[in-house]
Amino acid sequence: MTTAAAPSPGGGTPAGSAPTLMRVRGLEKRFGDHAVLRGIDLDVMPGDRIAILGASGSGKSTLLRCLNFMERPSAGVVALAGQAVGRAAPGRAGAGRRSYDEAELTRVRQRVGMVFQQFNLFPHMTALGNVMEGLRTVRGQREAEARTRAGAELARVGLADKAEAYPARLSGGQKQRVAIARALAMDPEVLLFDEPTSALDPELVGEVLRVIRSLAEEGRTMLLVTHEIGFAYHFANRVLFLHDGVIHEQGTPDQVLKHPTEARTRAFIERHREFDF
Amino acid sequence: MSAAYRWNFGPVLENLDVLWAGALGTLRLFVICVVLGFGFGLVVGLGRHARSRGVHLPATAFVEFFRNTPVLVQILWFYYALPILLPFEVSPLTAAALGISLNSAAFSAEIYRGGIESIDRGQAEAARALGMTAAQAMRRIVLPQALRRMLPALTNRGIEIFKMTTLASAVAYVELLQQGKLLASLNFNPIETYTVIAVVFFLCLFPLVQATYALERRLGRSDA
Amino acid sequence: MHVWNFAPVWANADLLALGLLNTLKVTGAALAFGVPLGLVLALMRLSPSRLLRWPASAVIEVFRTTPPLVQLFWFFFALPILIRVEMTPYVAAVLTFSVQSAAFFAEVFRGGIVSVERGQWEAGRALGMAPRQVMRRVVLPQAVKRMIPAFLERAIELMKTTTLVAIVSYADLLFQTNEVAQKTFRPLEAFTVTALIYFVVIFVASQLVHLLERRLATSGEGMAR
């Protein structure tokens, strides 16, 4: 399974009992001169629920966006179900650079779903239309099939009655739930959440967190970038604290959130402590 | 005290068939230029939006050149200058159609580009995150939303194209104004003839212009 | 394979220069009359009195909804007979394009004035100013700054539209080009040169306008004084 070079996953599935779903080695991302990710190693096992915390600029969103290649890594490898994405750039194997083919990345994104902070629902389609879109256009399913499946996903997030509503008529929480249904319809192997509740009014946060928790209970593999430390504590089986482009500390929620060993982690938790968990 | 001018629309009304031939010519030229202009304009607009320099630069050069030269100059160039380079004649229709279409393509390219870029980046991102190719994302998600926004500007452009068809009279293409010139010189009644021509254009375009205002109001933005 | 030869065209550069001068003359004159006329039309359209609104709207609609060339023909061929006045191509051109551009400028003015928030009006009235004073001291100064880019764009449009005067034999750049082409039997070189001249002049003008737009945008809007 994992090589000795990787830090131990800490909690969750015991080593060796299941193949690694996603493996990240030496991930770096630079924007011009500015290095945002400086070397991330990560193993994601099936059923892992990983919360990623960190200050603004720590690279947590960038890390997430590299996992479905919305950003192309500057260096390092991401492997999905044992297969590394991209090709080693010729003559530069040592430098860790890889070349990526857009067609392959498109296929990867069909297997890794993402939910955005700003929902990004398609305003010219109904809620049902939004959820069906991936099935019709990407999977090529027929209208009836897609409609049935989409209806089921909307029901799962509790919005069956809003199927024919346009996004403009939905509240923030409802929009985000539709966005989750849209991602779920694609049967992703891994689900990425990029600060899913940061753009929501406080009263609407709960309905979205409830849906995410129900997904967790189903055993889905999820990575969640969030500010909601309390939620992270109850939802995650692993917490990563990112600082300055590297994983500063990681472990179980108890280890990282209640008894952090690093000073910076402690400072971050103190600053964001909204209630005692 | 000089007598006021005595209006006499008789000769004009007797020659309605002449004007009708012109109207058909106007319509034909208009349709050709709208189809070519908006069609090619979409291609160039997407080219302007593209990231790759090899596509972006030629598209920009095209837009800058054809937006910044007067249409009449272009029409005359195609009619008088181009035949020197080609082994065949260039008809008035071809010259006028080329001039007006290329000009319209350049203007509509900017409309397309503006529309596409006004759509929030998050839309394209969400589409890509679902696993759509760039082409699918453009076709299913970005363009449909952009087209709604571009409708007033595109309609305005269409109205401009309709007005530009009169320039084809400079190379004697048989459209409405050209026929007007013919009648006016035959019957020595420029006042009635040109008034009728102006009224015909006004009647054709006024409903379209009003429709554009209504469109702009409905879409919640106004163009200065 | 055609052999390009620009020499005969250069030999007649003076004719082209005269043409360019005349183009600028017509454009300048049309602007000089068109802008104030546009302001008048805009204010008439905004006036509460129907007697002022309707004629203004009529003029604006007619001149925006009919082709400029038809307008030019009417002013050059029809109007002289109607009002018994001789009309040179220059006068007909300036007349036509003054009114035509005024119709478009009127919309720019109106848009700019309307875009100044109601609060400005109310503040002015609350101080006891008469409506005309509010317009002159408070609203127009703010509106003008916003309208400058749109104005300049319209002015550049005008420069392109005035090529129509060549059709009524006014010696603008395009007309002169035709003369040179016939004189030298080199229409390809002549028209190509002219196209490039127009392009350079108009492109430079556009770029200056963009520069000005950017400068205006960064300097902020709605200056008090």
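Here is how names work: the chains are called A, B, and so on, in the same order as the sequence lines, proteins then strands, and each is numbered from 1. These values consider heavy atoms only, across backbone and side chains, with no hydrogens, waters or symmetry-generated copies.
- For the pairing with C/Y90, the ring-ring contact (aromatic ring centres under 6.0 Å, His included) check across C/F97, C/Y170, C/F175, C/F75 returns one residue only, C/Y170.
- For the set B/L205, B/V209, B/L72, the count of heavy-atom pairs under 4.5 angstrom toward chain C peaks at B/L72.
- The part of C/E157 that comes within reach of chain B is its side chain, from C-beta onward, which places non-hydrogen atoms under 4.5 angstrom from that chain.
- The part of B/Y213 that comes within reach of chain C is its side chain, from C-beta onward, which places non-hydrogen atoms under 4.5 angstrom from that chain.
- Between chain C and the residues B/L82, B/I84, B/L176, B/L208, the most heavy-atom pairs under 4.5 angstrom are made by B/I84.
- Heavy atoms closer than 4.5 Å to chain B are found in the side chain of C/L174, but not in its backbone.
- At a cut-off of 3.5 Å, with distance as the only test, no side-chain donor of B/T166 or B/S169 sits close to an acceptor on the other residue.
- Chosen from C/L196, C/T192, C/I197, the residue pairing most often with chain B at heavy-atom distances under 4.5 Å is C/T192.
- By number of non-hydrogen pairs under 4.5 angstrom with chain C, the leading residue of B/V71, B/I159, B/L76 is B/L76.
- At a threshold of 4.0 Å, the pair C/R110-C/E107 counts as salt-bridged, since one of the basic side-chain nitrogens sits closer than that to a carboxylate oxygen.
- Neither the backbone nor the side chain of C/V114 comes within less than 4.5 Å of any heavy atom of chain B.
- Your options are C/A195, C/A205, C/P80, C/P68, and the one with the most heavy-atom pairs under 4.5 Å with chain B is C/A195.
- When all heavy atoms of B/R48 and B/A59 are compared, the pair lying nearest together is N-CB, 3.8 Å.
- Remark: B/L24 CG to B/Q179 CD distance equals 10.0 Å, nearest 0.5 Å.
- Judged by distance alone, the side chains of B/T165 and B/E175 never bring a donor and an acceptor atom under 3.5 Å apart.
- In this structure, the portions of C/T163 lying under 4.5 Å from any heavy atom of chain B include both its backbone and its side chain.
- For chain C, no part of B/T193 is nearby; none of its heavy atoms comes within less than 4.5 Å.
- Of the listed residues (C/V201, C/T27, C/V209), just one forms a side chain to side chain contact (heavy atoms under 4.5 Å, CB included) with C/I156, and that residue is C/V209.
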Quiz item: Stepwise, does the salt bridge (Lys or Arg N to Asp or Glu O under 4.0 Å) test hold for B/R113 with B/E117?
Solution: CA-CA 6 Å; B/R113 185 176 70 91; B/E117 291 181 2; 3.3 Å; yes
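- Between the side chains of C/S47 and C/R53, not a single donor N or O lies within less than 3.5 Å of an accepting N or O.
- Between chain C and the residues B/Y80, B/W7, B/F162, B/W77, the most heavy-atom pairs under 4.5 angstrom are made by B/W77.
- With chain C as the partner, the residue from B/F206, B/F66, B/F201 showing the most heavy-atom pairs under 4.5 Å is B/F201.
- Contacts between C/T177 and chain B at a heavy-atom distance below 4.5 Å are absent for every atom of the residue.
- Both the backbone and the side chain of C/L164 come within less than 4.5 Å of a heavy atom in chain B.
- With a threshold of 4.5 angstrom between heavy atoms, B/V73 approaches chain C through its backbone and through its side chain.
- Between C/K25 atom NZ and C/T162 atom OG1 the span is 13.0 Å, to the nearest 0.5 Å.
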